[in-house]
Each structure stands twice: as structure tokens, then as C-alpha cells.
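Encoded as C-alpha cells, the structure appears first; notes follow it.
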Amino acid sequence: MTLSPHTLRPPLPLPLPLPPTSNRRHHRPPPPPSRSRPRAVRRSELLAGDGMASHGSHPTLLEHMGRTGAPADLAVLVAHIQAACKRIAALVASPGNADLSRAKPAAAGAASAAGRDAPKPLDELSNEIILSSLQSSGKVAVVASEENDLPVWLCDDGPYVVVTDPLDGSRNIEVSIPTGTIFGIYDRLVELDQLPVEEKAQLNSLQSGSRLVAAGYVLYSSATIFCISFGAGTHGFTLDRSTGEFVLTHPSMQIPPRGQIYSVNDARYFDWPEGLKKYIDTIRQGKGQHPKKYSARYVCSLVADFHRTIIYGGVAMNPRDHLRLVYEANPLSFLAEQAGGRGSDGKTRILSIQPVKLHQRLPLFLGRMEDMLELESYGDVQQKVNPGYDV
């Protein structure tokens, strides 16, 4: 499926009526809006900031990177990631996405070698968009994706490694629930360059989250929001559909010290360990360290639940061994720490865990430090009983 950049062009605004005035007959109406196509912006202009729409005190994502002294190679890479995410945003919002979001029927007895969710056509399309964009950037040596069993080696001299979940929450698209893209960026381990391709691709992809150079997510919802950190705060950029640019709307995001929201699937309460039950029961009654009663808000879309947690505080969690360390837990934990929070598996800081396999799963708890320390103090919060569910 090929999307033209002009496919989703917003309708031209209607001219406003003339204001009541005594000299109305002398008023000259404004010229009709131009329907000519905008000139394509060259990569050199993109990186230099020339040809970008002016947003006053709201710089675009790439302007922000230029002002903070980001390396040119990283700016090129992020430019290609944001271009891919604009295409995915258009794909998610297109009228045909309901059919694309449905899982393909699996062959009898078929199972993924990695034990991952059954891929859906929209997942696969998003994965192809991301991989194609990363390859065309010329800045990525290897990419590890949730949709691929093994890392994909792109080029020998790419300075970066990218890990990604191209479209998290895709099962929600048919009912218009928010979805997202998650990614993390590492430096290529040049000391591994002499190893065979398969081996160096795997080892580059299994770096500890503490080595991340940058991480981000893109939320596809009523607005398309690109949140990213380069290790100096977490910043949010919203897609301005009139210009096609991500502009800074949430600078230096900080998770509130104490929220009143917890995000978890309460229907699994009876499968939870006693420590987690006790923690949830306590904060719901307002008897925890924070004296206010907590409310449940659960979207079942990781990016959406985490984004709300950054804005409103509290804890977003999945207590069972379900979420992936490499391309979900590590990038989101990096963003949480840069926003005053923490990612934990219920016992250990996520970014200190050394991955041992690409699709490694674990429990994930994300929130402000105060809430996370209180949660961890209950000890037994990791769900070991994990019965299968149809939904």
C-alpha cells in the first residue's frame, strides 16, 4: 500500500464572511487560497532548519535537536524515523485499516518460534515502513523489531542500532483505541565488527538499556505525539497537520510526584500474587503513602497507558511476563527515568537488566519514583500464574 504525502491533505478553509462595517463596499476580499503543491524540502534544508515552517517559540523536533547540539548522524536518523511514523499515522487513520488490523488465519498447529503475538497485516506494513526508512537513512547498522524473529543487518558502517515495536496495540485499531510506535537507539558496538554478521547483529541488539543513546514513542490518537529523550529530559512534539511538522508542545516532561491513577487489567485480580493485591487494595482505599484514593484507568495500549502516566502520574503496569525487555520495557523505562520516574520488573530497575535473548519477556511497572518505590516495597508483585485468555 503506497500513500501519497498529499492523500490526507486537510480541506482548504472557507473564506470568512466580511465583518460589518460602514465601508464594506470598499472592502477588497482576500485572494483565493493557492492550490499549488508545496516544494519538497531537501535533506540539507531539513537538517539546517531552512524551509521549515516557523512556529515561534515552538521549535520543530529537528530544530530542537539542532539547538541542543545533537550529532548530525542522529538528526538524519530521527528525521527518517519521524517520516516513517507520519506514514504509519496516515495508515492507522485510513478508512481501510479495519480490514488491515485483523489477524491473518494461522495454519493449523502453527506457532511463532519467538512465542510472539500473531502478526497482523497492519503490523507487517508498519514494520516494512520502519525498516525501509531506517535503511534509506544510511545511519543504521542493525535493526531489531518485534515483527522479526532475528535482527536485520542493514549496513556495515551505520553508526547506530535501532530496536523497535513498529505498531504496539494494533488489535485496538478496529475500535479506534490509541496505538503507538516504540523505539530505542544505541551506538553500534565497533569492537564487534570482526564477528560474523549474525553474531554481531544479535549482540548489538542485546545491549543493556543503560547504554541507550535515545528512545521514544509515537502515540497515534486524537493527536499524533512524538515523545523522545536524548538523555537530557523527555520532550513531547505534536504533529501539526497544517505543516506536517512535529512541533514542541511538552518540553521537559515530568511525571507528577504522586498521581491518583493505576493502570492494570483488574479482571486478572484473582491471578495476582498477594503482594500486588494488597498494594492495589491499599491505594484504592487511600491508605497508602499517598493519602488520596487511586482510580483505575486502563486502555490496554502500552503507549497510551504510559503517556497518560507521564501526564497525570501514578503507575502503569503489566505484572505478568508479557512485555518485551529489548524494544518495549527498555525504551519506555529510559523515557520514564528522564521524566523523574522509573521502570521496574517489580524487583529490579529495568535499565540494569542485561537482555539474554531478543524477545525476552518480563513484568513491567512504570511510574514516578515515589509510586514505584512504594509498589516494590510490597515484595510479591510479579504474577507467576498466567492462564491463557482469548482476548
Side-chain angles (χ1 to χ4, degrees), residues 114-117 144 146 163-165 168-169 171-172 178-184 206 208-210 212 215-217 219 227 229 234 255 259 261-269 271-273 275-276 279-280 296-310 313-386 389:
R116 297 175 288 115
D117 296 336
E146 189 269 343
V163 296
T164 183
D165 183 349
D168 178 77
R171 70 175 62 187
N172 294 323
T179 55
T181 294
I182 305 170
F183 65 90
L206 294 179
S208 165
S210 61
L212 279 162
Y217 65 82
L219 174 67
C227 288
S229 176
T234 294
I255 305 172
I261 295 173
Y262 71 92
S263 174
V264 69
N265 188 348
D266 273 329
R268 310 295 182 246
Y269 179 89
D271 297 326
W272 292 349
L276 184 59
Y279 169 72
I280 295 295
R297 298 286 188 275
Y298 182 60
V299 179
C300 193
S301 176
L302 178 59
V303 171
D305 284 317
F306 178 58
H307 184 71
R308 184 192 53 246
T309 302
I310 290 184
V315 184
M317 65 185 90
N318 191 320
R320 58 195 177 101
D321 291 335
H322 178 69
L323 298 173
R324 286 77 169 189
L325 172 60
V326 171
Y327 39 80
E328 291 175 324
N330 271 337
L332 296 186
S333 297
F334 183 82
L335 290 163
E337 290 199 5
Q338 291 297 319
R342 183 177 183 180
S344 171
D345 69 352
K347 296 180 179 179
T348 306
R349 174 181 176 244
I350 291 292
L351 296 185
S352 67
I353 299 174
Q354 174 59 53
V356 294
K357 56 183 180 180
L358 188 61
H359 300 287
Q360 181 175 340
R361 296 175 184 256
L362 78 176
L364 179 61
F365 303 85
L366 296 158
R368 181 73 179 205
M369 185 65 73
E370 292 87 340
D371 280 302
M372 298 302 297
L373 292 176
E374 181 177 3
L375 166 73
E376 290 176 350
S377 72
Y378 283 76
D380 186 19
V381 296
Q382 295 179 329
Q383 178 183 336
K384 300 301 182 185
V385 178
N386 192 17
Y389 298 97

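Numbers here simply count residues along the sequence, with the first being 1. What you see is a predicted model, and the numbers here were worked out from it, not measured in a lab.
Taken from CG in Leu276 to CZ in Arg320, the straight-line distance is 13.0 Å, to the nearest 0.5 Å. For the atom pair Ile353 CD1 and Asn330 CG, the distance stands at 7.5 Å (nearest 0.5 Å). Annotation: the span from Leu364 atom CG to Asp321 atom CG amounts to 11.5 Å, rounded to 0.5 Å. Distance check: Leu375 CG to Ile280 CD1 gives 7.5 Å after rounding to the nearest 0.5 Å. Residue Ile310 holds its CD1 atom at 11.0 Å from CD of Gln338, rounded to the nearest 0.5 Å. Atom-to-atom distance recorded for Asp380:CG and Tyr279:OH is 15.0 Å, nearest 0.5 angstrom.
With sequence neighbours left out, the salt bridge (charged side-chain N to carboxylate O under 4.0 Å, His left out) criterion links Asp165 to no other residue.
The side-chain heavy atoms of Met372 and Val315, taken from C-beta on, include a pair separated by under 4.5 Å. Side-chain contact between Asp266 and Trp272 is present, with heavy atoms from C-beta onward closer than 4.5 Å.
The minimum heavy-atom distance linking Thr179 with Ser301 is given by the pair CA-OG, 3.9 Å. A pairwise comparison of heavy atoms in Leu366 and Gly343 identifies CD2-CA, 3.7 Å as the closest pair. Looking at every heavy atom in both residues, Pro331 comes nearest to Phe183 through CB-O, 3.4 Å. The nearest pair of heavy atoms linking Glu146 to Arg324 is OE2-NH2, 3.7 Å. Of all heavy-atom pairs between Thr348 and Arg342, the closest is C-NH2, 4.2 Å. Here the closest non-hydrogen pair linking Val264 and Pro319 is CG2-CD, 3.8 Å.
Side chain of Thr164 to main chain of Tyr327: no donor-acceptor pair is present (N/O by atom type, distance under 3.5 Å, no hydrogens or angles). Counting only distance, with no hydrogens or angles, the side chain of Asp271 and the backbone of Val385 share no donor-acceptor pair below 3.5 Å. When atom types are taken as modelled, the side chain of Thr234 and the backbone of Leu335 share a donor-acceptor pair closer than 3.5 angstrom. At distances below 3.5 Å, not a single donor-acceptor pair connects side-chain atoms of Arg308 with backbone N or O atoms of Ser263. In this structure a side-chain-to-backbone donor-acceptor pair under 3.5 Å is missing from Arg368 to Gly313.
Listed by first and then second residue, the salt bridge (charged side-chain N to carboxylate O under 4.0 Å, His left out) pairs involving residues 344-354 are Glu337-Arg349 (not counting sequence neighbours).
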Audit row: Ile182, Leu302, side-chain contact (heavy atoms from CB on, under 4.5 Å) steps and yes/no: CA-CA 10 Å; Ile182 305 170; Leu302 178 59; 4.1 Å; yes
